[in-house]
Amino acid sequence: MPIHNADIAAIFEEIADLLEIESANVFRVRAYRNAARILQELGKDVRAMVEKGEDLTRLPGIGDDLAHKIKEIVETGHCAMLDKLHKQLPPTITELLAIPGLGPKRVSALYHELDIQTMEQLQRAVRDHRIQALPGFGEKTEMRIADALAIHASNTSRFKLAIAAQYAEPLAAWLRTVPGVQQVVVAGSYRRARETVGDIDILITATEHSPVMVRFCGYDEIAEILSHGPTRSSVILKCKLQVDARVVAPESYGAALHYFTGSKAHNIAIRRLGQEKRLKINEYGVFKDQTRIAGETEESVYQAVGLPFIPPELRENRGEIEAARKGCLPKLIELSDLKGDLHTHSKASDGHATLKEMAQAAKQRGFEYLAVTEHSSRLTIARGLDSVQLAKQIDEIDRLNAQLEGITLLKGIEVDILEDGSLDLPDWILGKLDLVIGAVHSHFGLSRARQTERILKAMEHPHFTLLAHPSGRLIAKREPYDIDMMRIIRQAKARGCYLELNATPDRLDLLDTYCQAAKAEGVLICIDSDAHSVLDFDNLRFGIGQARRGWLEKSDVLNTRSLKALRPLLKQTM
DNA sequence: GCCGTTTTCGGCCCGACTGTTTTCAGTCG
């Protein structure tokens, strides 16, 4: 089995967990966790580095010892140190760390005092009330473990960004009405526009005696209050989403917002920079000795460490700090930069609105153009169009364009890429269109080689313009199909065609890291709603968030072009 | 275990809340 970066990272995480349970030096533990993170976020395959004999110690956080272990794992698939740890502690014990409230010390106590090694054994011990008898544990701790076990058993999955928004935004709006409250911002991974969020972090600034925390804990959608203090509270909503709220004074707003936006890796890196300048950075401000020198705004925090403002979507410690230092941060795309949408559906296939309704809704958004791209006949479940039906729609669009003012409908199709890489409609009709979007909707399970060849062949087609939802994944529902995305990106470059960033909340496909790769290769990305109704244009903001996480600027995105500039770009593949 | 304009030792990001304890360890973010 080939070893991937993620496999080595998992081994290092497990070593860290086990060392922690053994009460090893905390910094030694941190070194393993740090290395795991580095490997996960590394843009290249560490196995290839080993095979080429590259010096692994040049990677940050990897010294002689870890370099040796990486080499060992790549070559043997095992790590002798982990095997040794497994002889001292049962492998299943690290699962227990997933229970909120159980950290390394308590897991160690449970194992040594009660011989608890698995979730099932923990469950039994809770039921028999054996936990509360342990020194350092008590009745309440036992009850919390019982609750946590129940929640863990039901579901602890992450929430899609768009779903989290439906809970976070009304809650934030409600908090803004509390007396004394000045600002309420949803921070955390939500603000960084990650495609899924594990919890919601809400930052509040308020006057000293504002009742905001009491009101927060009285929100009527709360199922359980986990903790409740004057500046910090955690609750679980009835929908099982955890919400953490923090209140700080207005002068700490920027420092707190920076801190609670994360990511953790980014924050650590910024604090290190602060340390080099003998500054202490915490959620209350930036301090030189005891004096606050910054923190009212995020800009002031960055300025204190000698950097320009870094947009939240870039804060993953994936090179943004280096780019900021060099003054070459991207000027990220904004929703208002979009001039149109090139992937939408109407009642003619599986959409819910007429062409005219879609056109009017697009015009209201300030769009110049809207491409109508129904499914093709192969996708019978979506009432896909055959050549005759498509020809009829082409005529209808011509008639509508003669009437419409301030918006132009473009003629397109979302044509199925068949198993052999051919397209689901004949050339004569594809040739009459303004653009042809190719999409995979079947045979997801092909081998990497066959799936990649299939898509590469489709992109060879003279009329092919844009590859829809390139990875095919549905978040938390369907894995991406197995393809060599770098070859597809290079093919797009060679053929002069484009890749889509589909803004449907379930898709958000292309992934952020591939947006970055496409940008590096000079391939334009098209951010599309894939709207099936006039409401779906709202999803474009999630696509923009994903694009920003992929470092995309206005110039990297096809549909920021005016109609006049767009037309020749659509024709260049034909 | 890593790292170095404090460079081979002695540091390593920082603070809030809870429960069990009676001043603090453990956990979490």
Side-chain angles (χ1 to χ4, degrees), chain A residues 12 15-17 19-21 23-38 56-70 79 81 96-110 131-145 147-148 187-190 197-203 213 217 225-235 242-248 252 255-256 258-287 295 301 305 317:
Chain A
F12 285 173
I15 289 176
D17 284 344
L19 284 176
E20 216 171 10
I21 294 168
S23 301
N25 179 302
V26 291
F27 299 108
R28 190 176 167 215
V29 172
R30 189 179 294 173
Y32 281 98
R33 294 211 193 281
N34 195 31
R37 205 189 65 225
I38 299 286
L56 299 177
T57 65
R58 280 166 53 193
L59 297 172
I62 307 294
D64 286 338
D65 183 88
L66 289 177
H68 181 79
K69 288 198 173 77
I70 291 171
C79 178
M81 181 190 177
L96 301 178
L97 294 170
I99 298 293
L102 288 188
K105 296 290 184 289
R106 287 185 178 147
V107 167
S108 175
L110 290 170
I131 308 280
Q132 52 178 288
L134 288 180
F137 291 74
E139 201 177 338
K140 284 199 170 173
T141 304
E142 186 177 88
M143 277 169 57
R144 271 201 74 181
I145 293 172
D147 291 346
S189 49
Y190 183 88
V197 299
D199 62 11
I200 293 290
D201 294 288
I202 297 188
L203 175 67
M213 218 31 131
C217 289
I225 296 174
L226 296 176
S227 68
H228 179 18
T231 67
R232 178 172 182 157
S233 300
S234 292
V235 304
Q242 180 168 331
V243 183
D244 299 333
R246 279 93 164 190
V247 180
V248 298
S252 296
H258 179 257
Y259 181 62
F260 295 128
T261 296
S263 68
K264 197 170 178 178
H266 174 88
N267 285 357
I268 289 173
I270 293 294
R271 283 194 172 162
R272 287 237 173 85
L273 284 182
Q275 275 194 319
E276 288 171 16
K277 295 179 186 295
R278 296 175 163 271
L279 300 173
K280 187 174 79 165
I281 301 175
N282 59 27
E283 55 264 57
Y284 299 107
V286 181
F287 298 88
V301 175
V305 294
N317 201 23

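Chain letters run A, B, ... following the sequence lines, proteins first, then strands; residues in each count from 1. This structure is a prediction, so every number in the text was calculated from the model and none was measured.
Residues meeting the side chain to side chain donor-acceptor pair (under 3.5 Å) test with A:Thr141, sequence neighbours left out: none. Qualifying side chain to side chain contact (heavy atoms under 4.5 Å, CB included) partners for A:Asn317, counting only residues two or more places apart in sequence or in other chains: A:Arg37, A:Ala265, A:Ala269, A:Glu320, A:Ile321. For A:Ser108, the side chain to side chain contact (heavy atoms under 4.5 Å, CB included) test picks out A:Ile21, A:His112, with sequence neighbours left out. By the salt bridge (Lys or Arg N to Asp or Glu O under 4.0 Å) test, A:Arg33 is found to be paired with A:Glu13, A:Asp17, A:Glu20, residues two or more places apart in sequence or in another chain being considered. Not counting sequence neighbours, the partners of A:Thr57 by the side chain to side chain donor-acceptor pair (under 3.5 Å) test are A:Asp55. Residues passing the side chain to side chain donor-acceptor pair (under 3.5 Å) test with A:Lys69, sequence neighbours excluded: A:Tyr32, A:Asp65. Under the rule for a side chain to side chain contact (heavy atoms under 4.5 Å, CB included), the partners of A:Asp244 that lie at least two apart in sequence or sit in another chain are A:Asp199, A:Asp201, A:Ser234, A:Gln242, A:Arg246. Residues satisfying the side chain to side chain donor-acceptor pair (under 3.5 Å) test with A:Ser263, not counting sequence neighbours, are none. Looking at residues two or more places apart in sequence or on another chain, you find no ring-ring contact (aromatic ring centres under 6.0 Å, His included) involving A:Tyr190.
Within a heavy-atom distance below 4.0 Å of DNA chain B, the residues of residues 131-140 of chain A found are A:Gly136, A:Phe137, A:Gly138, A:Glu139, A:Lys140.
For the C1' atoms, the distance linking B:dG10 with B:dT6 amounts to 10 Å, nearest Å. Here, B:dT21 and B:dA25 have their P atoms 13 Å apart, quoted to the whole Å. A gap of 24 Å separates the C1' atoms of B:dC9 and B:dC14, to the nearest Å. Atom C1' of B:dG29 sits at a distance of 24 Å from the matching atom of B:dT23, rounded to the whole Å. With C1' as the reference atom, B:dC28 and B:dT22 are 24 Å apart, rounded to whole Å. Nucleotides B:dT7 and B:dC2 have their C1' atoms positioned 13 Å apart, rounded to a whole Å. Rounded to whole Å, the C1' atom of B:dT8 lies 10 Å from the corresponding atom of B:dC3.
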Enumerate the protein-to-nucleotides 2-11 of chain B contacts in which both atoms are nitrogen or oxygen and the separation is below 3.5 Å.
{"unit_1": "B:dC2", "atom_1": "OP1", "unit_2": "A:Gly63", "atom_2": "N", "d": "2.7"}
{"unit_1": "B:dC2", "atom_1": "OP1", "unit_2": "A:Gly63", "atom_2": "O", "d": "3.4"}
{"unit_1": "B:dC2", "atom_1": "OP1", "unit_2": "A:Leu66", "atom_2": "N", "d": "3.1"}
{"unit_1": "B:dC3", "atom_1": "OP1", "unit_2": "A:Gly61", "atom_2": "N", "d": "2.9"}

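One finds a side-chain N or O of A:Thr231 lying less than 4.0 angstrom from the OP1 or OP2 phosphate oxygen of B:dC17. Residue A:Ser233 places none of its side-chain N or O atoms closer than 4.0 Å to OP1 or OP2 of B:dC17.
Whole-Å rounding puts the A:Met81 CE to B:dG1 C1' distance at 9 Å. Between the C1' atom of B:dC14 and the CD1 atom of A:Ile270 lies a distance of 15 Å, rounded to the nearest Å. For the pair A:Asn282 CG and B:dA16 C1', the computed distance is 12 Å after rounding to whole Å. A:Asn34 has its CG atom 10 Å from the C1' atom of B:dG1, to the nearest Å. For A:Ile268 and B:dG15, the CD1 to C1' distance is 14 Å, given to the nearest whole Å.
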**Evaluation steps, side chain to side chain contact (heavy atoms under 4.5 Å, CB included), between A:Phe12 and A:Ile70** = CA-CA 9 Å; A:Phe12 285 173; A:Ile70 291 171; 3.8 Å; yes
**Message:** Between A:Val305 and A:Val286, is the side chain to side chain contact (heavy atoms under 4.5 Å, CB included) condition met? List the steps.
**Reply:** CA-CA 9 Å; A:Val305 294; A:Val286 181; 5.9 Å; no
**Contact pattern, 5' to 3', of nucleotides 23-29 of chain B - B, S or - by protein heavy atom under 4.0 Å** = ---SSSB
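Summarising the base pairing, B:dC14 is matched to B:dG29 through a Watson-Crick or G-U wobble pair whose two defining distances lie under 3.5 Å.
Each of A:Glu142 and A:Tyr32 lies near DNA chain B, and the nucleotide nearest A:Tyr32 is the one positioned closer to the 5' end.
Using a distance-only test at 3.5 Å, with no hydrogens or angles considered, no donor-acceptor pair links the side chain of A:Glu283 to the main chain of A:Tyr259.
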